[in-house]
Undergrad: 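Below is a structure I'd like to ask you about.
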Amino acid sequence: MPAELLGVFGTGGVTKKLPVPELGRDELLQLHRNMVRTRKLDERGMKLQRQGRIGFYVPSFGEEAAQIGSAAALKKNDWVSPSYRQQGVALVRGVNATEMLDNCFGNSGDAAKGRQMPVHYTFRSHNFISIGSPIGTQIAHATGVAMAMRIRGDANVCLTYLGDGATSSNDFHTGLNFAGVFKSPCVFVCINNQYAISLNVAGQSGSTTIADKARAYGMPGVRVDGNDVLAVYATTLAAVEAARQGDGPTLLELFSFRMGPHSSSDDPSRYRPKVEEDEWRAKDPIQRFEKWLLENKHMTAADMAAVHEQAETEMAEAAKLSETKEAPSKDSLFEDVYAAMPASLKRQQAALHAEGDAHAQDRNAAFPL
Amino acid sequence: MPAELLGVFGTGGVTKKLPVPELGRDELLQLHRNMVRTRKLDERGMKLQRQGRIGFYVPSFGEEAAQIGSAAALKKNDWVSPSYRQQGVALVRGVNATEMLDNCFGNSGDAAKGRQMPVHYTFRSHNFISIGSPIGTQIAHATGVAMAMRIRGDANVCLTYLGDGATSSNDFHTGLNFAGVFKSPCVFVCINNQYAISLNVAGQSGSTTIADKARAYGMPGVRVDGNDVLAVYATTLAAVEAARQGDGPTLLELFSFRMGPHSSSDDPSRYRPKVEEDEWRAKDPIQRFEKWLLENKHMTAADMAAVHEQAETEMAEAAKLSETKEAPSKDSLFEDVYAAMPASLKRQQAALHAEGDAHAQDRNAAFPL
Amino acid sequence: MTANTGTTVMTLLQALNLALMEEMERNKDVVVLGEDVARNGGVFRTTEGLMAKFGEARVIDTPLAESGIIGAAIGMAMYGLRPVAEIQFSDFIFPAMDQIVSEMAKLRYRSGGEFTCPVVVRTPSGGGIRGGHYHSQSPEAYFCHTPGLMVLAPSTPEDAKGLLKSAIRGNDPVIFFEPKRIYRTVKGEVPNDPDFTVPIGKARIARAGKDVTVISWGAMVHTCLEAAEKAARNGVDIEVVDLRSLVPLDEEAVLNSAKKTGRVVVASEATRTCGFASEISAFLAEEIIEYLEAPIVRVTGYDTPFPYALEHVYMPGPNRVLDAVQRVMTF
Amino acid sequence: MTANTGTTVMTLLQALNLALMEEMERNKDVVVLGEDVARNGGVFRTTEGLMAKFGEARVIDTPLAESGIIGAAIGMAMYGLRPVAEIQFSDFIFPAMDQIVSEMAKLRYRSGGEFTCPVVVRTPSGGGIRGGHYHSQSPEAYFCHTPGLMVLAPSTPEDAKGLLKSAIRGNDPVIFFEPKRIYRTVKGEVPNDPDFTVPIGKARIARAGKDVTVISWGAMVHTCLEAAEKAARNGVDIEVVDLRSLVPLDEEAVLNSAKKTGRVVVASEATRTCGFASEISAFLAEEIIEYLEAPIVRVTGYDTPFPYALEHVYMPGPNRVLDAVQRVMTF
Ligand SMILES: Cc1ncc(C[n+]2csc(CCOP(=O)(O)OP(=O)(O)O)c2C)c(N)n1
Ligand SMILES: Cc1ncc(C[n+]2csc(CCOP(=O)(O)OP(=O)(O)O)c2C)c(N)n1
Ligand SMILES: [Mg+2]
Ligand SMILES: [Mg+2]
């Protein structure tokens with residue numbers, strides 16, 4: 001029997017209804033605010049890309065509930081091992097939008113010193129691990145972090161994010177298998193947005209659900225309506241606290257939909273039917289939560305409009321700020337390869353300096369793709 | 001609920017009893033004969049190693065039922081993608097012992113031209129794929145072979161063997177995942193001998209059984225008493241025929257025990273209790289089958305003694321024959337890297353020839369490990 | 001259908017697509033597999049139209065696992081097919097490294113020739129598209145160091161088509177590096193004959209010259225040609241050798257050009273230490289050092305991960321090649 | 001407990017075991033993980049006694065997955081531990097290649113120094129134990145070509161101990177190749193001082209000489225020394241440079257010796273094309289070609305997979321080194 005689909009709102013194919021989690025009004029509004037901020041950040045990111053101001057962007061449209069609900073279940077000392085579609089999670093961790101857009105602009109304010117493509121963030125002070133592009137690797141890191149937490153005797157938890165496509169990766173298998181053996185305090189959050197670029201999840205795996213895969217590792221698998229922020233929050237909290245108490249890891253499947261393109265380079269009309277997109281637009285996680293907030297009188301329509309407007313302004317201003325910062329220095333190219341720069345790199349660095357500005361022409365060449 | 005343990009003999013923790021498969025007397029005797037031949041071949045291999053006549057050996061003591069019963073379920077045009085502990089399977093495929101021992105001696109009669117360690121066989125004409133040492137890689141090959149069978153429209157099946165340790169490998173995951181998606185005519189036979197060198201299967205994975213892992217790939221998982229040759233035969237046959245008919249792959253767990261050391265280099269007393277070995281010696285698959293054969297009057301004790309004696313002689317003679325064959329030629333070092341030898345290798349080959357016998361001393365140096 | 005004679009001008013990407021079309025047409029054992037190759041036609045559109053023409057059985061969207069793509073391709077090849085596997089970016093080839101190094105490369109040898117592995121692994125490679133760390137690397141040296149593999153890196157539409165066709169028809173595993181930076185910008189005449197192929201293991205003299213030999217491959221060949229044009233204006237006559245095939249190497253072409261000019265520069269985008277540029281240099285220093293009038297100078301990427309914002313500083317442009325030429329000319 | 005002064009004679013294996021003991025004692029963040037390392041003490045017994053002394057929490061038998069071993073070690077290192085991961089044979093490092101190349105090597109750089117990755121990957125390497133294809137390879141070049149990694153390859157008990165301790169104390173990821181062929185056969189004096197370390201990035205003159213420079217590392221150093229003794233009897237004075245550290249390279253030591261003798265041989269077990277021997281050769285041909293009196297000759301394994309029955313033909317012995325010496329001496 002495949003895993004049940006859990007939800008609080010009780011719509012969208014949910015087979016088992018959960019109680020409303022105990023959250024104060026401030027906490028509810030905080031969830032809402034961060035979902036809206038995530039949406040606005042993504043809209044800004046896509047706009048900057050379309051305007052040619054940044055080179056690339058990866059929106060998380062439709063995955064706001066999955067991100068915000070799960071990240072809200074963590075404590076400050078917990079760790080996050082993210083994939084590249086987790087800007088909402090970073091906001092919850094306390095990162096500000098400028099820090100993120102500095103990365104997208106690849107400027108000297110970027111913690112990664114402009115060395116990575118946009119959306120490949122690193123926020124050490126927020127226990128938010130540096131993001132790489134290779135699919136799945138972060139899953140095994142999460143297990144390692146969690147193993148270390150246990151070895152150190154810290155009552156912390158590591159939560160990792162992965163896509164449905166990432167369930168096929170080598171490190172999904174090793175990460176979950178190691179965590180199952182060592183009962184590591186780890187929560188594996190798969191945001192099943194049903195697509196890995198053009199491949200539908202049905203082509204990704206023969207298993208009926210992703211939560212079903214947990215059994216292979218001796219851990220519980222929980223399937224949740226990923227567009228239901230309250231359900232996401234409640235189930236993640238349960239998994240996180242179980243891990244914290246030594247009960248071992250959980251695989252959480254947050255069933256959702258990638259409402260936008262895979263990235264700014266992608267054109268979904270090539271591979272997925274418009275009707276599917278329309279159907280899921282009706283399940284927009286922000287709208288669903290707002291409907292519930294209104295019905296339960298936690299907010300008025302005016303409150304909501306204000307939140308949207310504030311978030312819009314926040315992101316516009318962050319973008320303006322980031323855009324003014326200068327590019328990283330040439331010297332930064334050679335730093336941080338090793339703790340100390342070896343002789344060979346010093347020579348390479350010196351050679352670059354010796355070139356002076358003679359090669360400005362090379363450097364300003366437009367790139368063809 | 002974890003997978004049930006199926007068996008015909010009905011002993012050794014079996015939770016669900018299977019009917020005796022429909023097999024004629026000749027077929028039953030054939031199973032018995034091949035189990036005994038496997039045992040005798042392994043005894044000979046270990047002896048040759050202890051005597052210093054071959055450099056290394058990997059016995060399959062205790063896994064005779066698992067190998068013979070499963071391989072007997074295949075047809076001639078089916079393929080086998082083996083790991084390094086499948087000498088019994090090769091015997092069932094029609095390989096003779098000399099062909100195998102030629103490999104162990106690394107002589108010029110070896111199909112692999114003496115290029116691999118002992119027990120790394122290749123038998124193309126028996127659809128028995130070349131064995132490598134890396135754990136797990138053969139699993140993905142099996143899926144590829146099976147995908148090709150479907151693309152070609154051939155009603156063949158590919159069966160692959162893997163250990164309990166191999167279930168942790170990258171290619172277990174990718175091999176089963178691809179097969180689940182493409183419904184490839186493939187049977188994954190995991191001989192769970194409970195050890196991966198020194199690691200007990202409990203340390204290998206958190207899942208309760210290996211068969212349980214099938215669910216992650218949307219395929220049936222079947223757990224069988226691997227020391228019960230009739231149960232192994234019946235369940236493998238069912239899986240093979242399902243695959244042949246287009247019903248997709250199966251993961252079969254043959255629950256058994258590695259009665260010997262991991263290899264001739266290994267000393268199990270360092271890591272496993274003697275009582276465990278004693279307990280499993282009582283479940284010796286050959287003895288159990290012989291008991292059943294006697295009880296059901298398919299053979300007499302005298303018949304059995306004759307089979308043992310013949311197999312003993314067969315292996316002794318095969319060893320004698322293999323030992324006389326000469327070493328591969330120096331030139332063979334450079335062949336088969338590519339379909340045609342490139343200039344660089346021709347130069348390297350010429351350089352070796354130019355050395356003449358001047359370096360005989362280098363070559364005869366004793367190796368230190 | 002194009003005529004069997006004459007040529008057509010097309011981009012490198014179109015040439016690759018055409019090669020796949022023709023080989024799939026010619027031999028039904030040719031199958032294509034990889035991530036997003038079927039329905040989406042490849043993220044770069046190299047496999048566009050293949051699924052429509054040859055069906056889902058032969059053009060296969062796989063799950064997201066490079067190890068599985070290559071592992072399955074090896075199995076298919078053993079059974080008799082000729083799989084062409086795509087690794088979406090060469091940066092993502094590493095999850096498949098075990099299958100490539102331990103299995104694909106060694107299968108023929110370790111089975112005494114019983115099993116062969118005619119798999120072609122196509123993979124877009126190199127920088128210049130603002131792809132940062134993981135969409136820009138040039139990992140060819142890892143595969144050149146692995147006996148049993150052929151390693152190809154064309155730089156023109158004609159060679160791209162001709163070499164890909166040779167690779168698919170051949171009986172050895174091939175890692176085929178596609179210069180993604182110039183997929184669409186470099187155009188050229190490509191023979192229409194569907195049996196036109198380019199032999200593996202033969203270099204091409206991209207520009208004849210007498211003063212300095214510049215050896216390169218892939219997209220960097222165009223950088224070297226640009227440098228050569230500039231140098232010509234200053235009276236220095238550069239010979240540009242486009243290796244096309246790294247393994248097997250056209251030793252003769254390399255030796256002849258180096259002997260002729262006595263001055264050698266090797267240019268490559270890859271990181272410097274243990275790159276294939278070092279191999280060429282070592283080969284020459286061992287075989288014909290007595291002909292050399294100057295150091296063998298390597299122009300390469302730095303020994304750092306591939307950067308994003310400073311990509312244009314990192315990647316060797318024509319002026320960096322010219323600096324090296326200057327060094328060997330004035331030695 | 002040994003005294004803090006003086007030395008003790010021991011095997012290379014014992015020296016490695018002692019280094020692990022001492023560093024685990026010194027810093028409780030040091031943990032050991034790998035296949036069969038705990039209960040079994042490692043298939044070569046390098047980790048023998050560690051579990052008994054430091055417990056199962058710090059000496060960890062992992063499931064059979066190199067990718068998981070390295071992936072988990074990276075996570076541990078990010079959290080603040082200093083994991084020492086064992087890959088049972090260096091031939092089996094390839095399933096972990098993605099974690100090593102894409103993550104371990106790039107983590108510091110791509111996070112602007114926010115995250116570091118002080119993981120030491122110990123792995124027995126090289127031929128000579130009749131291990132055939134998959135228990136004999138020398139894959140160091142793959143890692144030398146990967147910026148961000150340090151690559152060490154000691155040849156003596158003293159260096160084995162001192163370098164392993166430096167690696168564990170350092171803040172960079174290290175691939176530590178252990179010369180398994182000489183684990184038990186090479187013995188030597190090892191300082192008792194638990195704070196004795198050998199600096200990373202410094203070569204060792206294993207034998208001073210004036211006629212020819214022979215550069216090597218790992219077990220091959222002993223082959224070169226044997227060749228040097230033979231050559232000495234014929235009046236040829238070989239200087240043997242033991243690199244110990246491939247990345248970072250002691251450029252000065254290599255340049256100085258090569259300049260002094262003007263004749264260079266580089267010897268390595270690994271396959272020839274794109275091996276680290278080629279890198280040394282290219283480095284010299286670029287930096288000091290004007291000092292060289294002869295070709296730079298590489299003595300290496302052939303460009304084939306590693307064989308079994310003909311291992312003794314494949315592996316370069318002292319006479320093959322002497323042939324190369326002869327070639328550079330008589331040029
Ligand atoms: C190892 C690897 N292979 C291929 C890619 C190219 N790629 C980038 S994202 C992606 C799809 C990922 O899908 P999923 O895991 O579902 O995450 P989502 O993008 O839906 O968030 C692919 C194939 C990659 N980044 N890494
Ligand atoms: C990738 C890889 N890692 C490590 C090894 C070393 N090794 C050889 S056999 C083995 C254990 C395999 O256990 P299992 O899969 O249960 O098979 P069994 O030996 O029990 O038949 C290990 C770790 C290897 N051959 N390949
Ligand atoms: Mg997805
Ligand atoms: Mg086992």
Side-chain angles (χ1 to χ4, degrees), chain A residues 79 81 110-116 120-125 127 129-134 136-154 156 158 169-171 173-175 177-182 184 328 332 335-345 347, chain D residues 28-29 31 33 57-58 60-81 83 95-96 98-99 101-116 118-119 147-150 170-173 200-201 245 247-252 283 287:
Chain A
W79 280 51
S81 185
D110 174 24
K113 302 189 184 169
R115 290 176 183 145
Q116 287 220 77
H120 288 65
Y121 307 116
T122 179
F123 301 118
R124 178 72 184 79
S125 61
N127 296 341
I129 294 177
S130 157
I131 298 171
S133 309
T137 46
Q138 82 281 5
I139 307 171
H141 301 167
T143 301
V145 168
M147 287 170 76
M149 288 166 168
R150 271 204 114 183
I151 291 170
R152 282 262 181 98
D154 298 344
N156 301 334
C158 187
S169 71
N170 294 339
D171 290 316
H173 188 55
T174 60
N177 192 42
F178 275 51
V181 166
F182 299 112
S184 314
S332 72
E335 293 159 5
D336 301 324
V337 183
Y338 298 94
M341 203 183 292
S344 56
L345 275 180
R347 248 183 327 104
Chain D
K28 69 179 189 336
D29 286 335
V31 300
L33 74 165
R58 288 179 64 198
I60 305 166
D61 272 332
T62 67
L64 207 171
E66 287 73 15
S67 177
I69 294 170
I70 303 299
I74 293 171
M76 290 175 172
M78 285 196 276
Y79 194 72
L81 301 186
D98 192 37
Q99 284 289 357
V101 171
S102 304
E103 300 291 327
M104 184 187 272
K106 295 178 172 61
L107 191 61
R108 178 190 287 273
Y109 195 76
R110 80 164 192 230
S111 70
E114 280 197 342
F115 289 91
T116 61
V119 175
L149 301 178
M150 291 187 168
N171 291 312
D172 292 302
I200 291 172
S245 168
V247 179
L249 178 68
D250 188 344
E251 301 188 338
E252 223 181 287
F283 173 63
E287 297 301 328

Undergrad: So does D/R108 get a backbone contact from the side chain of A/D336, meaning a donor-acceptor N/O pair under 3.5 Å?
TA: no
Undergrad: Counting heavy-atom pairs under 4.5 Å with chain A, which one of D/G201, D/P248, D/S111, D/A77 comes out on top?
TA: D/S111
Undergrad: Heavy-atom distance under 4.5 Å between the side chains of A/M147 and D/V31, does that happen here?
TA: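 Answer no - side chains too far apart.
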Undergrad: Side-chain contact, heavy-atom cut-off 4.5 Å: A/N170 with D/Q99?
TA: no
Undergrad: Say whether, by atom type as modelled, one donor and one acceptor occur between the side chain of D/R110 and the main chain of A/H120 under 3.5 angstrom.
TA: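 No.
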Undergrad: Do D/E251 and A/S344 make a side-chain contact, defined as non-hydrogen atoms from C-beta onward lying under 4.5 Å apart?
TA: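 Counting from C-beta outward, D/E251 and A/S344 do come under 4.5 Å.
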Undergrad: Any sub-3.5 Å donor-acceptor pair from D/E114's side-chain atoms to A/A112's backbone N or O?
TA: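 Such a contact is absent between D/E114 side chain and A/A112 backbone.
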Undergrad: Just by distance, do the side chain of A/Y338 and the backbone of D/L149 share a donor-acceptor pair under 3.5 Å?
TA: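 Indeed, once roles are kept as given, a pair shorter than 3.5 Å links the two residues.
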Undergrad: Would you check, one step at a time, whether the test side chain to side chain contact (heavy atoms under 4.5 Å, CB included) holds for A/Q138 with D/E103?
TA: CA-CA 9 Å; A/Q138 82 281 5; D/E103 300 291 327; over 6 Å; no
Undergrad: Please identify, among D/P173, D/S67, D/A65, the residue contributing the most non-hydrogen atom pairs under 4.5 Å to chain A.
TA: D/S67
Undergrad: Between D/D29 and chain A, with a heavy-atom cut-off of 4.5 Å, which part of the residue counts as in contact: side chain, backbone, both or neither?
TA: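 Just the side chain, heavy atoms under 4.5 Å.
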Undergrad: Please identify, among D/P63, D/P118, D/G113, the residue contributing the most non-hydrogen atom pairs under 4.5 Å to chain A.
TA: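 With the most close heavy-atom pairs to chain A, the winner is D/P63.
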Undergrad: Check whether any side-chain heavy atom of D/I60 sits under 4.5 Å from a side-chain heavy atom of A/F182, and report yes or no.
TA: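 They are in contact (side-chain heavy atoms under 4.5 Å apart), so the answer is yes.
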